[in-house]
Amino acid sequence: EAGVTQFPSHSVIEKGQTVTLRCDPISGHDNLYWYRRVMGKEIKFLLHFVKESKQDESGMPNNRFLAERTGGTYSTLKVQPAELEDSGVYFCASSQGITGSAFFGQGTRLTVV
Amino acid sequence: KNEVEQSPQNLTAQEGEFITINCSYSVGISALHWLQQHPGGGIVSLFMLSSGKKKHGRLIATINIQEKHSSLHITASHPRDSAVYICAVRSGANSKLTFGKGITLSVRP
């Protein structure tokens, strides 16, 4: 069974450009989470989907970040326009129920120059 | 102060040593996760626990709910155990995780 997969693994973009990150959760997992680690800091929560609905988006930094999960399958996280402070590693995780074990993707390393 | 604190920040051990990594948290939790990340790799869940103790191979995780403290023990450590070990907690009805900064473990042959 495939695990959580994220695309791309790395992305280097210029300040002001747009980047879209994708996460494919484990099949059948209704819960999908986005997290981010900025260099030197702990991993922090961004948002949580239950199927296609945003359950909690309290961690989204600002309105330059837009997450979607059309049809309750894969999710995308778009950053537009990107700023230097958006650099970091973006992790996606999925779980079957909210109390289940979380399975993480490999992460997308985003560098904004 | 972060809700989840890990100590020590960095740890170096000799192959074969018994290793303990600690995690303290300041909020009420419904579950605590121990996660592992190898250099250049993704995050792997080692344990999820809400009470007592769990064991998997050479790894043992314990939690003391009253003291808000958890430990991860590695017996007969090996260089392949070198990784970042991250403690994360889930609070109450929330399902999102709150993470510690992680501890970088290096096991020397």
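Keep in mind it's a predicted model, so treat the numbers as computed, not measured. Chain letters run A, B, ... following the sequence lines, proteins first, then strands; residues in each count from 1.
Taking a 6.0 Å sphere around CD of B:Q9, one finds it holds 12 or fewer heavy atoms contributed by other residues, nucleotides or ligands. Within 6.0 Å of the CD atom in B:E67, the count of heavy atoms belonging to other residues, nucleotides or ligands does not exceed 12. Counted within 6.0 Å of CZ on A:R109, heavy atoms from surrounding residues, nucleotides or ligands total 12 or fewer; the atom is thus considered open. Shown here is B:R58, whose CZ atom has more than 12 heavy atoms of other residues, nucleotides or ligands within 6.0 Å. Under a cut-off of 6.0 angstrom, the local environment of NZ in A:K15 is sparse, with at most 12 non-hydrogen atoms contributed by other residues, nucleotides or ligands.
B:L97 and A:Y35 make their closest contact through N-OH, 3.0 Å (heavy atoms, listed as atom of the first residue, atom of the second, distance). Of all heavy-atom pairs spanning A:H48 and B:S95, the tightest one is CE1-OG, 3.1 Å. Across all their heavy atoms, B:S45 and A:A102 have their closest contact at CB-O, 3.7 Å. For A:R37 against B:K101, the heavy-atom pair with the smallest separation is NH1-O, 4.0 Å.
Counting heavy atoms from C-beta outward, A:S58 and B:K96 have side chains that approach closer than 4.5 Å. B:V4 has its side chain out of reach of A:E42: every pair of non-hydrogen atoms, C-beta onward, lies at least 4.5 Å apart.
A:F103 and A:L77 sit in two unconnected hydrophobic clusters of ILVMFWY residues. Membership requires side-chain heavy atoms under 4.5 Å apart, directly or through other members. Grouping the Ile, Leu, Val, Met, Phe, Trp and Tyr side chains by contacts below 4.5 angstrom, directly or via other members, places B:M48 apart from A:Y33. Taken together through direct or relayed side-chain contacts under 4.5 Å among Ile, Leu, Val, Met, Phe, Trp and Tyr, A:Y90 and A:I13 form part of one hydrophobic cluster.
Heavy atoms of B:Q6 lying under 4.5 Å from chain A are absent altogether. Contacts of A:F91 with chain B are made by side-chain atoms alone, with heavy-atom separations under 4.5 Å and no backbone atom involved.
Distance check, rounded to the nearest 0.5 Å: OG of A:S101 to CG of B:L46 gives 11.0 Å. A distance of 7.5 Å separates NE2 in B:H33 from CZ in A:F104, rounded to the nearest 0.5 Å. Between A:S95 atom OG and B:R90 atom CZ the span is 8.0 Å, to the nearest 0.5 Å.
Contact count against chain B (heavy-atom pairs under 4.5 Å) is highest for A:I43 among A:V4, A:I43, A:N31, A:T99.
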